[in-house]
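Here's the structure, in C-alpha cells; my notes come after.
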4 protein chains.
Amino acid sequence: MPKVSAGHRAARRQQILDAAARCFARDGFHNTSVHDIVRESGISAGLVYRYFAGKEDMIVAIVTEWHERRRAVVESSTADFADLVSGYLGLLRSIGDPDARDGLRLGVQVWAEAVRSPRISELTRSGIDVPRSGAAKRVKNAQRNGELPSDLDPDSLVRIFVAVYQGLALQTVLDDDLDHAAFVRTLELLLDKVARPAASGPPAAG
Amino acid sequence: MPKVSAGHRAARRQQILDAAARCFARDGFHNTSVHDIVRESGISAGLVYRYFAGKEDMIVAIVTEWHERRRAVVESSTADFADLVSGYLGLLRSIGDPDARDGLRLGVQVWAEAVRSPRISELTRSGIDVPRSGAAKRVKNAQRNGELPSDLDPDSLVRIFVAVYQGLALQTVLDDDLDHAAFVRTLELLLDKVARPAASGPPAAG
Amino acid sequence: MPKVSAGHRAARRQQILDAAARCFARDGFHNTSVHDIVRESGISAGLVYRYFAGKEDMIVAIVTEWHERRRAVVESSTADFADLVSGYLGLLRSIGDPDARDGLRLGVQVWAEAVRSPRISELTRSGIDVPRSGAAKRVKNAQRNGELPSDLDPDSLVRIFVAVYQGLALQTVLDDDLDHAAFVRTLELLLDKVARPAASGPPAAG
Amino acid sequence: MPKVSAGHRAARRQQILDAAARCFARDGFHNTSVHDIVRESGISAGLVYRYFAGKEDMIVAIVTEWHERRRAVVESSTADFADLVSGYLGLLRSIGDPDARDGLRLGVQVWAEAVRSPRISELTRSGIDVPRSGAAKRVKNAQRNGELPSDLDPDSLVRIFVAVYQGLALQTVLDDDLDHAAFVRTLELLLDKVARPAASGPPAAG
DNA sequence: TATGAATGAGCATTCATTCAT
DNA sequence: CATGAATGAATGCTCATTCAT
C-alpha cells in the first residue's frame, strides 16, 4: 500500500511538470537546471528524482500528456471532412492565443530534442501518426464524395496541413510581426479555392 | 600585417565551422562541448577561441553564412512569379537531398536557440525578412497580372509558403516515413489549382 | 528549515576559510586554485560554492572576520590614552608571535588585492576607519590633558602609528633578520620622549 | 657581433618594462597577462620572451632598476645626519606626488609577490639592506655627536623610519582621505622632539 | 631579428544525481 | 515520505609559452 494517496502523487507530479514546462518554455531545455525546477516547483531535489529519472523524462511526460489530450479531442470528433477542416482551423487559431505561447516555445524545444534523442523522436512521431492517419482517411472519404480533387495524395495533403501548422507555430514564436488573423484567413481562402468548388459542383478536373 | 594569409584564416575558420556544424547536427547544440569541436576539427581549444568568442558565435556564423548564400540566390533571380514558384519548389526539393539532412537538423537546433536567445532570434528573423518581403512584392505583381486571386493577403500567402517549407524541413528530420516526392508533387498540384486558372483563363468560380 | 544545524554550517564555513587562509598565506591569493582549497579543506568543489561565490568572497570573509574581532577588542577598551598606547604596543608585540605569521602574510596579499579591487579596498578602509577615528579622539583628549604636545595633528599622528604597524608587519614577513623585540622597545623609548614629558611635568623644550 | 645595437636592445627592453609596470600598477601582477603587456608595449609575444623569461623576470628587472636608482641617490649623499633626515623627509614627500602613484601601487604588488617568491623576497631585501645599514651608521654617528639620544637602537630606529615610509606608501595607495602634507608635517614635528634637543644642547637624558 | 599563430594544461565554476538524516 | 547537503566529473574558457615562417 502506498504511503501517500494516488491523488497526492498525481498532484505532486503535475506540480513538477508544470514548473518544468514553465522553465523549459522560458529558458530552453538545456538552460534549465534541475535546481531551477526545484526552485520553481517548490519541491525538493530528492523528491523530484522520485517522480522523474531526469529532465528528459519530464519532457517525455509533458509531450505524452499533450498527446493524450489531443487524442481525446480527435476521438470525440466526427468523420466529416468539414469538421476536420473546421477543427484544423480552430487549431491554427488557438496558436494565436497568448496563453498558448509557452506551449509553442516548449514545442520548439521538443523538436530540437527529438532531433538528437531517438526516444523523444519516437514519442513525437507516435503522437502525430494516429491523428494524421485518421485525417488521411477522412480526406479519402472527401475525395470519394467529390469534396476534394482526387488527384491529391491524401497522406501528403495531410502532411502539408501539418506543415502549415508547424510553420505557423514556429513563426508565431520567432516573429512578433506575424499577423496571425490574416494568416489564418488567407489559409481559409486558399482552402476554399481547393475544396469548395469540388463540393458544390462537378470536379475541377471534369 | 597578419602572419598567415587571409585564405588560410578563412580556411581555418571554415574548418571550425564545419566541425561545429557536424557536431551540432549530430548531437545538438548543448550536447556538443567545445572539446568535441576541438576533437572534430583537429584545432586546439585556444585557437578555436581566436576565431570565435564561444559556441553561440559559431551558430551565429553558420546561420549568417546560410543567409548570405540564400541572399545571393534570391538576388540573382528575376521578378517573375513563375520563377518565384519554381524557385520555391526547388527549395522544397532540396530538402529531400540526403546531403541537406545535417543542415536541416542544425536548423531545428537554431530554432530552439532562437526561442531563448534574442541575438539568434534577431539573426534568424533578419535573414528571412528580406526574401520574404521580396516574395510578397512578386505576389502583388502576380495579383495585378491576374496570375493570382487578388483576395489573398500577399504577406500571409508568403508566410504560408514559408510555413510549408519549415514544416517539411521539420518532418523530414523527424519522420523517416515521409514521402518527400509525393509531398512536393501534391503541393505543386495545389499551387496549380490556386494560381494557374487565374493566369490561363477565367477563374473556375466565374 | 535547514537540514543541518547552524553550528554545522558555521563549522563548515570556517573549515573552508581556514583552509583558504592557509593556502593564501602559503602560496598567495592568485597562486591558490579553488582546487587547492578543496584539497586543503577536504570539502568538495561543489560544496565550497554553496558557501562562497568565489575566491574573492573568501578573502572578503576572512578580512571581515578580522575586522569584527578587532572591533570587539577596540570597543572593550577604555578611552584612556595610556590604554591606547599600551594596547597599541601589545598589537605590535603580537606581530612577533610566530602564530601570527600566516595572518601577516595573508594581510600583505589583501593589500595587493585592495590596490586593484574596489570591493576589497573599500572593505579594508572601512575596517580601519572606525578604530582610527576612535584613536584620534583619544589623542585629542590626551592633548587636552597635556599628555601629548598640542601641535601634533591627531589624525596624522594616528596614521603614523598605523604606518609603523603596517611597516613592522611587512618587515616581519619579508625580513628574517628583523629584531622584533628591539623594534618595539625602541618605539617605546621614542613614545616616551614624545608623550611622557608632557604628562609628568613641563615640556622638555620649556 | 649582435644583430641590433645595444642601444636598440636597451630601448626595447625598457619599452617592455614600462608597459609591464603600467599594467601591473593598473591591474595587479596576476591580473596582467603577457598578452596585455604585448598589447600595451606594442612588442610581439615572441620578442618579449627573448628579453624576459616570463612575468616574474619583469618584476625582478623593475625592482632591480629601482634599487640601482636608489643606490645612486644614496651614494651621492653625505654622511651627515641632518642630510639623512632631510633626504628621508624628501622621500616621504615624493610619495605624495601623483606621478609616483603607479610606482606605489606596483610596490604593493611586489610586496605580495615577495611573500611567496624567495627570489623576489631576496631581491627586495638586498635592495633595502645597503641603504638601511648606511643609515644605521649615520644614526650611530649622530648618537656620538649628541644629535640623537644614545639609548635608541640604531638598527631599530632606521627600521621604524622605513616602516613609516612603507605604511605611508600603503595608506596613500589605499586611502584617498589621507592628508599627505599633514602626515609629513606631523612626522617632522615628532622628529624635532626626538632629535633637535639633542642637537642644540645637552642630551635629554642629561 | 621579429612575428603572431598555435598549443594544451590549467582554471573557476556548474550541475545532475545520490544519500544520510 | 521528504529534505537538501554533498559529490566530483565535466564545461567553457584563458593563458604562458613555443616555434614555423
Side-chain angles (χ1 to χ4, degrees), chain A residues 1-5 8-9 12 30-39 42-58, chain B residues 1-5 8-9 12-13 30-39 42-58, chain C residues 1-5 8-9 12 30-39 42-58, chain D residues 2-5 8-9 12 30-39 42-58:
Chain A
M1 77 200 94
K3 295 274 179 63
V4 298
S5 74
H8 185 240
R9 269 197 71 81
R12 283 282 213 214
H30 289 280
N31 284 302
T32 295
S33 70
V34 171
H35 184 68
D36 290 335
I37 298 169
V38 164
R39 212 185 305 113
I43 286 174
S44 72
L47 198 52
V48 163
Y49 276 88
R50 287 182 66 89
Y51 285 86
F52 299 97
K55 276 198 294 177
E56 183 160 308
D57 275 34
M58 296 181 201
Chain B
M1 73 205 89
K3 198 60 181 299
V4 297
S5 70
H8 182 246
R9 271 197 70 82
R12 279 289 210 207
R13 199 185 127 98
H30 290 281
N31 285 303
T32 295
S33 70
V34 172
H35 185 66
D36 291 335
I37 297 170
V38 164
R39 212 185 303 111
I43 286 175
S44 70
L47 195 54
V48 163
Y49 280 87
R50 280 179 69 91
Y51 285 87
F52 300 97
K55 274 203 295 177
E56 184 160 306
D57 275 33
M58 296 181 203
Chain C
M1 76 203 87
K3 198 60 181 302
V4 297
S5 70
H8 181 246
R9 271 197 70 81
R12 279 287 211 208
H30 290 280
N31 284 302
T32 296
S33 71
V34 172
H35 184 67
D36 290 335
I37 298 169
V38 164
R39 211 186 303 112
I43 285 175
S44 70
L47 196 55
V48 163
Y49 279 88
R50 281 178 68 92
Y51 285 87
F52 300 98
K55 275 200 294 177
E56 182 160 309
D57 274 34
M58 296 181 202
Chain D
K3 295 276 179 61
V4 298
S5 74
H8 184 239
R9 269 198 70 83
R12 282 284 211 211
H30 289 280
N31 284 302
T32 295
S33 69
V34 172
H35 185 68
D36 290 335
I37 297 169
V38 164
R39 212 185 304 111
I43 286 174
S44 71
L47 197 52
V48 163
Y49 276 87
R50 288 181 67 89
Y51 284 88
F52 300 98
K55 276 199 293 177
E56 184 159 307
D57 275 33
M58 296 182 201

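Note: hydrogens, waters and symmetry copies are ignored here, and every other heavy atom, side chains too, is used. Reminder, nothing fancy here: chain letters follow the sequence lines and each chain counts from 1.
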Side-chain N or O of Tyr51(B) closer than 4.0 Å to phosphate OP1/OP2 of dC13(F): no
Please work out if [X] contacts a base, only the sugar-phosphate, or nothing of the nucleic acid, heavy-atom cut-off 4.0 Å.
X	result
Gly46(C)	base
Val34(C)	base
His30(C)	nothing
Ser44(C)	base
Arg39(A)	nothing
Phe52(D)	nothing

Between NZ on residue Lys55(D) and CG on residue Asp57(D), distance to nearest 0.5 Å: 12.5 Å
First of Val48(B) and Thr32(A) reached from the 5' end of DNA chain E, by closest nucleotide: Val48(B)
Tell me the interatomic distance from [X], atom [atom1], to [N], atom [atom2], rounded to whole angstroms.
X	N	atom1	atom2	result
Asn31(D)	dA12(E)	CG	P	12 Å
Ile43(A)	dA2(F)	CD1	P	9 Å
Met58(D)	dC15(F)	CE	C1'	13 Å
Ile37(D)	dT17(F)	CD1	C1'	13 Å
Leu47(B)	dT18(F)	CG	P	18 Å
His35(A)	dA6(F)	NE2	C1'	14 Å

Pi-cation contact, Phe52(B) with Arg13(B) (under 6.0 Å, within 45°): no
Counterpart base for dC11(E), defined by Watson-Crick or G-U wobble contacts under 3.5 Å: dG12(F)
Partner nucleotide of dT21(E) by Watson-Crick or wobble geometry (both distances under 3.5 Å): dA2(F)
Pair Arg9(B)-Tyr51(B), side chain to side chain contact (heavy atoms under 4.5 Å, CB included): steps then yes or no: CA-CA 9 Å; Arg9(B) 271 197 70 82; Tyr51(B) 285 87; 3.7 Å; yes
Out of dA12(E), dG8(F), dT18(F), whichever nucleotide has its closest atom nearest the side chain of Ala45(D): dT18(F)
Nearest-nucleotide pick for His8(C), side chain only, options being dA6(F), dT13(E), dT7(F): dA6(F)
Exercise: identify the closest heavy-atom pair between Asp36(C) and Asn31(C): OD2-O, 3.7 Å
Step-by-step side chain to side chain contact (heavy atoms under 4.5 Å, CB included) determination, Arg12(B) to Val4(B): CA-CA 11 Å; Arg12(B) 279 289 210 207; Val4(B) 297; over 6 Å; no
Comparing Ala53(D) and Tyr49(B) on DNA chain F - which has the more 5′ nearest nucleotide: Tyr49(B)
